[in-house]
Amino acid sequence: MDRHYGLDWLRIGAFGLLIFYHIGMVFVPWDYHVKLAAADWVVVPMLATNAWRLMLLFVVSGYASRALMIRSDGLAAFARNRSFRLLVPLAFGVAVIVPPQVWAELASKYGYARGYLHFWARDYFSFETIGRIVVPTWNHLWFVGYLWLYTIGLTILAAIAGRVGHLFQRAGDWLFAGPLLFLVPTAWLLFISGWAFAGQSETHALIDDGVAHASYLPMFLFGFWLAGSESAIDRFRRFWPVTAALGLAAYAVVAGVEIAWPGGAPYPWGRVFSLGKGVQGWMTIAALIGLAEAFLNRDHPWRRTLTEAVFPFYIIHQTVIVVVAYWLRGAGLPLAADFAILVAATVTGCWAFYLVGRSVGWLRPLIGLRPRVHPRGDMAFA
């Protein structure tokens, strides 16, 4: 595989965008762990990324998984490495990082009166429903669990069928030949959003989450295939002005329907809204891959640090957002001040979490980093 630095930058940008998206969730009418407002107008800019932000993460994760698999010493080594790098921080996150979010949500929405330490020590690991929340839970870390599941599933398939990689690549080359690279994923998303799962929401509960799996698993597999197709990456680069224009046009339709009917449009405009999101989703992803390849395919001294930092940032960011938002409730500050405080606190908290975690050997695997390597070459946790 050739190294595409543009996709590294795209991964960094996608995770950074997710942080700002979750800050925005504090201010929109949609359900979230802690709310400071329910402003209808905030929905419009949120819809600019809502249709594609998570799918893009799975595309770049699939691409990165292919690169890691190639560099690994066999499928078993790849599976062990990915399980360690994903399941250890997931377990740590569920046990330590997520509980403050749950406590803040219970205290702000359901009148939970106990302090945080009592909640964590006595209630969080009770495997019961408190308020409407089943504890313990993974909240935003569902992404890590789904990514591990998709990765291990693909690895098992590759181990069972020795030629699956070659056949998989050939099938993708046929399925996404020429303009089909842009048409087939768009058609699939239109099928999901307009018919197969119309009106359904993601649960992130793994078992009963068909709409999420139908969206994200194909994107993960597409990214895995894309890592072996230089011609497809070149097509993304050459046609990014077209896909960007189509993505923006589709967003204009989605935003227009939302402005006309905030919170839910009547038939047939609700169907137009769903179909517009399908077109917006893939065309925006295609445009971003093309833009990254055309303008960001170069290294920079900050790239290695930021590439390493994005996973720890992802692990901690929502806890910072939710806890700070909880303490801002009732302060009476203007929403612009609330937003500024949340941005500053989240960026500061993410950097502190990463910098402290990477400097302490035993913390590194807990926040998704490689174990420390001693000068003689062996890895250690201290």
Side-chain angles (χ1 to χ4, degrees), residues 17-55 57 93-94 97-112 119 123-124 128-146 192-193 197-216 254-255 257-259 261-265 270 273-274 277 281 314 316-331 335 338-339 342-343 346:
L17 183 65
L18 184 65
I19 291 174
F20 282 93
Y21 185 89
H22 281 158
I23 292 175
M25 287 294 292
V26 176
F27 302 98
V28 291
W30 306 335
D31 186 44
Y32 195 57
H33 307 290
V34 174
K35 306 293 295 184
L36 291 178
D40 288 334
W41 70 267
V42 181
V43 172
V44 176
M46 293 282 282
L47 287 174
T49 65
N50 178 267
W52 52 267
R53 58 189 179 85
L54 288 170
M55 291 192 297
L57 286 178
V94 169
I97 304 299
V98 170
Q101 300 178 31
V102 182
W103 173 80
E105 182 173 4
L106 290 173
S108 63
K109 288 184 179 180
Y110 303 107
Y112 185 85
F119 166 74
D123 293 334
Y124 180 68
E128 297 178 351
T129 299
I130 305 176
R132 295 183 180 179
I133 304 173
V134 178
V135 292
T137 185
W138 56 12
N139 279 9
H140 68 296
L141 297 180
W142 68 268
F143 170 81
V144 182
Y146 281 36
I192 292 173
S193 61
F197 297 96
Q200 296 186 33
S201 299
E202 298 174 18
T203 68
H204 301 158
L206 189 62
I207 303 301
D208 62 341
D209 202 13
V211 61
H213 293 307
S215 300
Y216 303 140
V254 170
V257 173
E258 176 62 30
I259 292 170
W261 295 282
F273 179 89
S274 297
K277 286 186 67 176
Y314 177 77
I316 195 62
H317 79 279
Q318 184 163 280
T319 296
V320 178
I321 293 168
V322 170
V323 170
V324 173
Y326 175 80
W327 291 112
L328 285 173
R329 293 176 318 120
L335 292 185
D338 287 334
F339 178 78
L342 280 170
V343 171
T346 304

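Quantities reported herein were computed from a predicted structural model and do not represent experimental measurements. Starting from 1, each residue takes its place in the sequence as its number.
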S.K.: Just wondering, do Val43 and Pro262 contact through their side chains at under 4.5 Å, heavy atoms?
M.R.: no
S.K.: Give the minimum heavy-atom separation between Gly93 and Leu141, together with the two atoms involved.
M.R.: CA-CD1, 3.5 Å
S.K.: Could you tell me which non-hydrogen atom of Leu36 sits nearest to which non-hydrogen atom of Ala325, and how far apart they are?
M.R.: CD2-O, 3.5 Å
S.K.: Which residues pass the side-chain hydrogen bond (donor to acceptor under 3.5 Å, both in side chains) test with Trp138, not counting sequence neighbours?
M.R.: none
S.K.: Can you give me the closest heavy-atom contact between Pro45 and Trp41, atom names plus distance?
M.R.: CD-O, 3.1 Å
S.K.: May I ask you to test the Val144-Tyr314 pair for a side-chain heavy-atom distance under 4.5 Å?
M.R.: yes
S.K.: If you count every heavy atom of other residues, nucleotides or ligands that lies below 6.0 Å from Phe20 atom CZ, does the total exceed 12?
M.R.: no
S.K.: Using 30° and 60° as the class limits, which term best fits the ring planes of His22 and His317: parallel, tilted or perpendicular?
M.R.: parallel
S.K.: Taking side-chain hydrogen bond (donor to acceptor under 3.5 Å, both in side chains) as the definition, give me every residue that meets it alongside Tyr326, ordered by chain and number, with sequence neighbours left out.
M.R.: none
S.K.: Using every non-hydrogen atom in the two residues, find where Ser274 and Ser193 come nearest and quote the distance to one decimal.
M.R.: O-OG, 3.2 Å
S.K.: Could you tell me if the side chain of Tyr124 sits less than 4.5 Å from the side chain of Val94, heavy atoms only?
M.R.: yes
S.K.: May I have all residue pairs that pass salt bridge (Lys or Arg N to Asp or Glu O under 4.0 Å) and include part of residues 135-144, sequence neighbours excluded?
M.R.: none
S.K.: Apply ring pair (Phe, Tyr, Trp, His ring centres under 6.0 Å) to the pair Phe119 and Tyr112, showing each step before the final yes or no.
M.R.: CA-CA 9 Å; Phe119 166 74; Tyr112 185 85; 5.6 Å; yes
S.K.: Among residues at least two apart in sequence or on other chains, which ones pass side-chain hydrogen bond (donor to acceptor under 3.5 Å, both in side chains) with Gln200?
M.R.: none
S.K.: Assess whether side-chain contact (heavy atoms from CB on, under 4.5 Å) is satisfied between Thr346 and Val324, documenting all intermediate values.
M.R.: CA-CA 9 Å; Thr346 304; Val324 173; over 6 Å; no
S.K.: Answer yes or no: is there a side-chain heavy-atom contact under 4.5 Å between Val211 and Asp209?
M.R.: yes
S.K.: Is it the case that more than 12 heavy atoms not belonging to Trp30 sit under 6.0 Å from its CH2 atom?
M.R.: yes
S.K.: Output the distance between atom CG (Leu342) and atom CD1 (Ile19), rounded to the nearest 0.5 Å.
M.R.: 12.5 Å
S.K.: Considering residues at least two apart in sequence or located in another chain, which fulfil the side-chain hydrogen bond (donor to acceptor under 3.5 Å, both in side chains) criterion with Tyr21?
M.R.: Asn50
S.K.: Restricting to non-hydrogen atoms, name the atom on His213 and the atom on Tyr146 that form the minimum distance, rounded to 0.1 Å.
M.R.: CE1-CE2, 3.4 Å
S.K.: Answer whether the closest heavy-atom distance between the side chains of Met25 and Asp31 falls below 4.5 Å.
M.R.: no
S.K.: For residues 100-107, please give each side-chain donor-acceptor pair under 3.5 Å, one per line with the distance, not counting sequence neighbours.
M.R.:
from	atom 1	to	atom 2	distance (Å)
Gln101	OE1	Asn139	ND2	2.9
Gln101	OE1	Gln318	NE2	2.8
Gln101	NE2	His140	ND1	3.4
Gln101	NE2	Thr319	OG1	2.8
Trp103	NE1	Arg114	O	3.0
Glu105	OE1	His33	ND1	2.8
Glu105	OE2	Lys109	NZ	3.4

S.K.: Taking all atoms of both residues into account, what is the closest heavy-atom pair of Pro29 and Ala39, and its distance?
M.R.: CD-O, 3.5 Å
S.K.: Would you check if Tyr32 and Ile321 make a side-chain contact, meaning some heavy-atom pair closer than 4.5 Å?
M.R.: yes
S.K.: Looking at side-chain heavy atoms only, is the closest gap between Phe143 and Leu18 below 4.5 Å?
M.R.: no
S.K.: Please report the interatomic distance CG(Leu57) to CH2(Trp52), rounded to the nearest 0.5 Å.
M.R.: 9.0 Å
S.K.: Any side-chain heavy atom of Leu54 sitting closer than 4.5 Å to one from Tyr216?
M.R.: yes
